[in-house]
Amino acid sequence: VPSCSYCNSKKDESFLDNDGDRIIFNPYFEEIEDKRILKCIIECLDNCINSELKLKENFNNKVYKNHLRTLNLLSRYKSELPRILCSIMYDIIANFEENQIDTDGAKRVLKRKLIEYERIQGINSLDAVIIRAYLENDRLFDIEYIRSIYFSMNRLSKSIGTSVS
């Protein structure tokens, strides 16, 4: 299964536990339930956005939980949240400015993007999980608010040498 070099090296080290049971999820060996298992929560504050990514509480697939823990995926996904949020905000700002798309139009565009991510990458892909949370928060479609947040996030990322757009 194609994956990054970090994950491939971790898989080599620990595909099975001490009892010989798999701890790494492999889509060729098992199917994951067609349920949402990751949840993103976005809280809009006056001058920043707080976001959190976690497993849904009622998810009990032992192999998949071990997979997430062994590959440190939740932590790695959390580090991607600002970049993906900035990308979404940039697209919305550009659509408002260049195409005069209103809030409803921006939501429609984002919903189409969500459908595409879910179709290609699955309902638990990081992009789909974040877009779903973004769509649940009306303040994230307030053009003045997202402009200020977007530009402050970009300034912060440049000061620490990270690209978020």
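Since we're looking at a predicted model, the values are computed, not measured.
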Lys56 and Leu38, any side-chain heavy atoms less than 4.5 Å apart: no
Could you tell me how the ring of Tyr134 sits relative to the ring of Phe141: parallel (under 30°), tilted (30 to 60°) or perpendicular (over 60°)? perpendicular
Taking the side chain as everything from C-beta on, heavy atoms only, tell me whether Leu68 gets closer than 4.5 Å to Lys65. no
Test side chain to side chain contact (heavy atoms under 4.5 Å, CB included) on Ile123 and Arg132; report intermediate values, then the result. CA-CA 10 Å; Ile123 62 173; Arg132 201 174 298 115; 3.9 Å; yes
Evaluate the side-chain proximity of Leu85 to Ser51: yes if any heavy-atom separation is below 4.5 Å, no if none is. yes
Sequence neighbours excluded, the answer for side-chain contact (heavy atoms from CB on, under 4.5 Å) partners of Glu144 is Asp142, Arg147
Does the salt bridge (charged side-chain N to carboxylate O under 4.0 Å, His left out) test come out yes or no for Arg83 and Glu80, once each step is laid out? CA-CA 5 Å; Arg83 181 190 61 76; Glu80 288 293 309; 2.5 Å; yes
Quick one: do Ile101 and Met89 end up in the same hydrophobic cluster if we chain Ile, Leu, Val, Met, Phe, Trp and Tyr together by side-chain heavy atoms under 4.5 Å apart? no
With sequence neighbours left out, what residues match Asn99 under side chain to side chain donor-acceptor pair (under 3.5 Å)? Asn95
Side chain proximity check, Cys40 to Ile42, heavy atoms < 4.5 angstrom: yes
Using side-chain heavy atoms (C-beta onward) and a distance below 4.5 Å, is Leu73 in contact with Arg76? yes
Check: Ile49 and Glu43 side chains under 4.5 Å, non-hydrogen atoms: no
Are Asp138 and Lys107 close enough for a salt bridge, meaning some N to O gap below 4.0 Å? yes
Min side-chain heavy-atom separation Ile84-Leu126 under 4.5 Å: yes
Flag the pair Asp127 and Lys113 as a salt bridge only when some basic side-chain nitrogen lies within less than 4.0 angstrom of an acidic carboxylate oxygen. no
What residues, two or more places apart in sequence or in another chain, satisfy salt bridge (Lys or Arg N to Asp or Glu O under 4.0 Å) together with Lys39? Glu136
